Amino acid sequence: MKVGIIGCGAIANIITTSIVPENNGIDIAYFFDKDIERAENLASFAGGIAVLDFEEMLKNVDLVLECASPDSARYFAPRVLSEGRDMIVMSIGAFMDYEFYQNVEKIAKENNAKVHLPSGAIVGLDGIKAVAKFGLKEIKLVTRKSPKSLGKDIDKEEVLFEGKASEAVKEFPLNINVAATISIACQRDIDVKIIVDPKVDRNVHEITAKGDFGEFKTTTMNYPCSANPKTSMLAALSAIRLLKSFNETISVGM
Ligand SMILES: NC(=O)c1ccc[n+]([C@@H]2O[C@H](COP(=O)([O-])OP(=O)(O)OC[C@H]3O[C@@H](n4cnc5c(N)ncnc54)[C@H](O)[C@@H]3O)[C@@H](O)[C@H]2O)c1
C-alpha cells in the first residue's frame, strides 16, 4: 500500500519514523507540506519524495494520510476521495460540520473510497460505538490540559469551556479533536468541559457514559508530543495501529 502524507509535523514524524524501518508493506512514499523543508526532512528519512504539487502525490498513492489541520482536511478530502483514493483524517474536528460530513460521505461512496478516522488520543471508542444505539443516555468528556498546551499563562485551575462539542471544536480547533471523535462515534453532540490546569503535565481525557447497558468511565493521561504539546503521543500511535490493521487477516476490538 502506497501512502502519501499531508502535513509533516509532530504526528507525521512519529508515524513515519515508526512505520518505515519496519518495512511491512506500508510504503510511506510521498510527503506534502506547505513548509517544503518539513516534507523534505521526512522524505529524506523515508527514502521517499517531497512534493510541491499535491496532484503529483495523489496520482501515485493508494491512501492519503492527513495530519495537517482542519482546514486542510476540508480542502483536500473531497479531492482525494473523488479520485477513489482512501483517506485517514487526523483533523477530525472538520467532520463536526454536518454538511461537510455528508458531502465527504457522498463523494467516497460514489468513488468506492473509504474514510478512516482513528481513535486518536482517547480509549473507549469501541464501547461508545457498541452502546451508541442501545440506550446510551448520558455521555460527557472532561479534558484537562496544561497551560502550555493551550497557550495560556495562568497559575491556577480554570474552566475554559463548558458546552457542546460542536462549539468546542470551533473555539479550540487544534485542541479538541477527541470531542469530535466521540460525537461522531455516537452520533450526538456530546457535553464537553475543558479545564486548563497548571498541575498537569499531560493531556487528560475523561469520558463517562451511562445508559441501559450500565456505565463506563475511561481516563487517558497522555504524554504530549515533544514537537507539539497540543498533540498527544497516543494520537499518532492510534494512526500507526490503524495503518497496520489494513494488512491483518484477523482483527480484534474495533
Ligand atoms: N485525532 C486526534 O485525536 C488528534 C490528536 C492530535 C492532533 N490532531 C490533529 O492532527 C493534525 C496534525 O497534528 P500535529 O500535532 O502533527 O500538527 P503539527 O502542527 O505538528 O504539524 C502540522 C503540519 O501540517 C502542515 N500544514 C498545515 N496546514 C497545511 C496545509 N494546508 N497544507 C499542507 N501542509 C499543511 C504544517 O506546516 C505542519 O508541518 C492537527 O489538525 C491536529 O489538530 C488530531
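We number each residue from 1, following the sequence as shown. Read the numbers this way: they start at 1 and go in the same order the structure lists the ligands and their atoms. Worth knowing before you read on, the calculation uses all heavy atoms, side chains too, and leaves out hydrogens, waters and symmetry mates. Quantities reported herein were computed from a predicted structural model and do not represent experimental measurements.
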Can any side-chain N or O of Gln187 pair as donor or acceptor with the backbone N or O of Ala132 at less than 3.5 Å? no

Quick one: list whatever passes side chain to side chain contact (heavy atoms under 4.5 Å, CB included) with Thr17, sequence neighbours left out. Phe45

Who passes side chain to side chain contact (heavy atoms under 4.5 Å, CB included) against Val169, sequence neighbours left out? Met96, Ile176, Ala180

Members other than Ile195 in its cluster, when Ile, Leu, Val, Met, Phe, Trp, Tyr link by side-chain heavy atoms under 4.5 Å? Val142, Val159

First-shell residues of ligand 1 [heavy atom, distance under 4.0 Å]: Gly7, Cys8, Gly9, Ala10, Ile11, Phe32, Asp33, Lys34, Arg38, Cys67, Ala68, Ser69, Pro70, Ser72, Met90, Ser91, Ile92, Gly120, Ala121, Leu174, Asn177, Asn228, Thr231, Ala235

Interatomic distance, Asn112 atom CG to Leu81 atom CG [nearest 0.5 angstrom]: 11.5 Å

Charged N to carboxylate O under 4.0 angstrom, Arg241 versus Glu248? yes

